[in-house]
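Structure record follows, encoded as structure tokens.
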Amino acid sequence: MALNGDEEDFEWEPPSEAEMKVIQARRERQDKISKLMGDYLLKGYKMLGECCDLCGTILLQDKQQKNYCVSCQELDSDIDKDNPALNAQAALSQVRERQLAAQSPPPPHAPQLNGGASSSQSGGTVPQPRPEHCEGAAAGGRALLPPPVAPTPAAPAAATTLAPSRPPVSPQSSTLRPVLQEAEEAVLTKLRWATTQLQSSASLETSIQLCSLITSCASSLRSLKELSQ
Amino acid sequence: LKKYKLEVMLSVKHLHLKHALQTVCTLEAVILRSFGPEGGQVLFTRDTGQAMLSCSGTQILKALRLEHPLARMVVECVWKHSAVTGDGSKTFVLLLASILRLIHAAASKAPGVSQWSTEAAEAATARHLADKLLAFAMTELDDLICVSVAPHGFCVSSEDFTTKTQLPSCPNGFCVQALLSSFFHTRLDYVHCDFLSGLACELLGHWKFQNDTLSFALQFLNDNFPALHTQVSGFPVSSSHVIEGQVIHRDFATPCLQVNNQPVKAVVVTEYLQPKLLRRGDMLDLGCGGRVTGEKSIIPFSAWTERSLESVIATLQSLGVSVLLCAVKQSAAALALAAQAEMCLVECVSEEELSLFVRLSGVAPISDCWMIQPENVATLTFCKPIQLGAHRYADNLITSFKPCSLVICGSGEVQTEQYASAFQDAIRMLFTTWEPTRMTETTALKKPVQSHQCTSLNAHNLTEDTVCRSSDVYVLKPGCVIPAGGTFEFLLHHALLQHGRSCSASNYTNTGVGVSQILADALLTVPRQIYSHNLKSFLQTQTRVTSFTSNQPHHFMLLKNARGTTEDPEKGDEPSKLFTLDSGLESVSCKHQLLLAVLQCLTICCVDSLFIRALIFKPAAYLYSFYESKIYVRCFSLFRSSIMAAVKITHCLLHLVLV
């Protein structure tokens, strides 16, 4: 290869600050990965000659012959945290950015509604991609979210509540009350539906998910009531 | 070129730079917590339940389960380096990781990265930098070390290594024992390091004779160490001692008569005394010597073998032999006859011990029992059984040559083994310190220092003894040590930065700047890790060392003109003030070889496809020499180019076999 590193390249510019931050973050992440892998090696895991398909990290294998990818299953993903569909924080920041760009005072209820509703949605969908890509031990870090089995009752319900609030909203203060009332009604309907479902449900997982839906509905109601005062 | 036996296993594996970086950083994370004076020990537990505590980098790395080819190769490189110098395996991984990180950072900033596919460009830059680093190390690094680092060191004399002088009180305390003590301190617990270093000096004292150099004795000890030491478990370490004679690690097969005062005669037998009746694969053609009898049977044959055995024993008796050292297990009839003839027999002696015995006594072993000559007979001062721990061994003392061997005690088997390996590594380290010019072939290959380069190398540091001539080659004097704790790294860092600046100033080459900078930055990680718990000490040491580099050192006795003017080995009146009372010592040539080994391993890490032919080298010595490794590295570069043309072989199992 004829790459000659000797000559000065006057077109090359040093990376900007944002890029430096990205580089720095990536380096720290790599250091964390190496440290974790070193710990696992000392615990008796085997370092394989293959890499993870998703992130390119070297795979480890434990004594039960199960493959384990350190970065996918232990560390938070690097890129997913910027994806609004999967992360509540990203959704929040996206909505805030759009509202700032529209140059109107951002309504306090909208982000919270987004936050409340999207968390229940993300709770249902985030764990799903993980087991497909990496076999092996389930991540401990995902314990906060409800188990991924059959999230269907929650997901369409959340989707319907989410759909009207997804497009960037910038209501004027005069239209605040009817919107709040609509929101309250929708949440109450959902709460009633969830309660009836809960009474009649026989499966453990569905019950747990319905309970979490009720919790999020209650918290949405609470925040709506605070807003209306 | 030596002849190498070639065995070929082909495999292709595509590597990317980030994988290499990740692998090496993982290995670094493994050994990092055991590194430095505050490093901890790793507890290994085998499936059998045996536990072992170790802080030796080689042992830790070898115990990991690694299937990744690059990781295995790095561990092999570390192991081979450690087999030569005996020390520095953790520093090896640390330096390798930091240089690789710097190269990776430089490669991702390289111009032209955005134009092509990033990985290919990065890999190319990395390879280029690695090759440049290696070239720099081969040509200019030892000059730098000789000029800028060695003057701050001190030459330990090989004459007074048996004296056990107090370390802190006077400068004469920089004897071999101090060096060994610091070495054992890094490897084992600090309680026993003084005792063990004293023991090592005692052993060296016995084996160094008036006319020999210390390096000869060290080489001999290194080659024969397995035969010259006995491991005894179940005793505290402090009961290790040196005993007279060579210990044969087998017991007598026949009862031994103790004739204490008279010398005994011994022979070494490598074959069976009684011709073996039937070996696997032998075909016995029974005929009865031409006599015509009706039957063919085995009985006359066995009678013949017994008669021949009797005659052999009779010959031995006539020569006055009373001890037989056999390499094989003798038959019951032979044992019985030997016992009857009052001869002591030791069976199944290992090849190493027999060869040592043969070498020390000067006799030839008996290969054919029909021809026993007087020159096969050795005279021993004594040959008696000795009880060491739970085992009884035979102990010989040869008249002409008084060997002594080491008994190493430890509380458990595993610990005793660790002490023994630490001892052997100490001997290797001493050998490297006293024989820094082992890579004579590479020094001959490198070009002499040009006069204008000389001026860029701080030539005003040299004294009139070592005038900078245009074709001088600088050689490090044997026994050069320097205070431990990062001094070498600080000094070399400073020297590299100056070299880089002066090279760019004199416009000698543009490439020299980049590599000196990379190497200088990488070197600082070692003291940073040593002082990771105590940043203040890091700064203190750094300021102390840099203050010395600015002054002219008064201590020039270490440079020798390689042109061959025989100078007396001058000793400095007092060592440089860099030596504080509590600093340990470390060997300069070990560090130098470590750097070279790291840079060679680096070039291997930066290949983009591992197209490996597993070459099984079988040179006469099992030592890894830089000449061999140059072949090894050259082979890699050859194969790299052959990949372009060759057919791609996909996914064979990668099996690295490196001797």
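Chain letters run A, B, ... following the sequence lines, proteins first and then strands; every chain starts at 1.
Heavy-atom contacts from other residues, nucleotides or ligands closer than 6.0 Å to NZ of B:Lys62 number more than 12.
Residues A:Leu41 and B:Leu66 have side chains in contact (heavy-atom distance under 4.5 Å, counting atoms from C-beta outward). Using a 4.5 Å heavy-atom cutoff, the side chains of A:Asp31 and B:Arg101 are in contact. Taking the side chain as every heavy atom from C-beta outward, A:Ser34 and B:Glu28 never approach each other to under 4.5 Å. Using a 4.5 Å heavy-atom cutoff, the side chains of A:Thr57 and B:His19 are not in contact.
We find the CE-CG distance between A:Met37 and B:Leu27 to be 9.0 Å, quoted to the nearest 0.5 Å. If you take CD on B:Gln22 and CD1 on A:Ile58, they are separated by 4.5 Å, rounding to the nearest 0.5 Å. Rounding to the nearest 0.5 Å places CZ of A:Arg27 at 10.0 Å from CG of B:Leu21.
Heavy-atom distances place the side chain of B:Leu64, and not its backbone, under 4.5 Å from chain A. Heavy-atom distances place the side chain of A:Ile33, and not its backbone, under 4.5 Å from chain B. Proximity to chain A (any heavy atom under 4.5 Å) is shown, for B:Val24, by neither the backbone nor the side chain. At a 4.5 Å heavy-atom cutoff, the contact between A:Tyr45 and chain B is made by backbone atoms alone.
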Discussion item. Set out, in order, the CA-CA distance, both residues' side-chain angles and the distance that settles side chain to side chain contact (heavy atoms under 4.5 Å, CB included) for A:Lys35 and B:Thr26, then state yes or no.
Written reply: CA-CA 6 Å; A:Lys35 188 167 179 315; B:Thr26 309; over 6 Å; no

Practice prompt. Go through the steps to decide whether B:Asp47 and A:Lys63 satisfy the test salt bridge (Lys or Arg N to Asp or Glu O under 4.0 Å), and finish with yes or no.
Written response: CA-CA 12 Å; B:Asp47 293 335; A:Lys63 302 230 174 80; over 6 Å; no

Practice prompt. Take B:His68 and A:Leu48 through the side chain to side chain contact (heavy atoms under 4.5 Å, CB included) test and state the conclusion after the steps.
Written response: CA-CA 5 Å; B:His68 194 274; A:Leu48 298 177; over 6 Å; no

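With respect to B:Arg65 and A:Asp62, no salt bridge is recorded, no charged nitrogen being found less than 4.0 Å from a carboxylate O.
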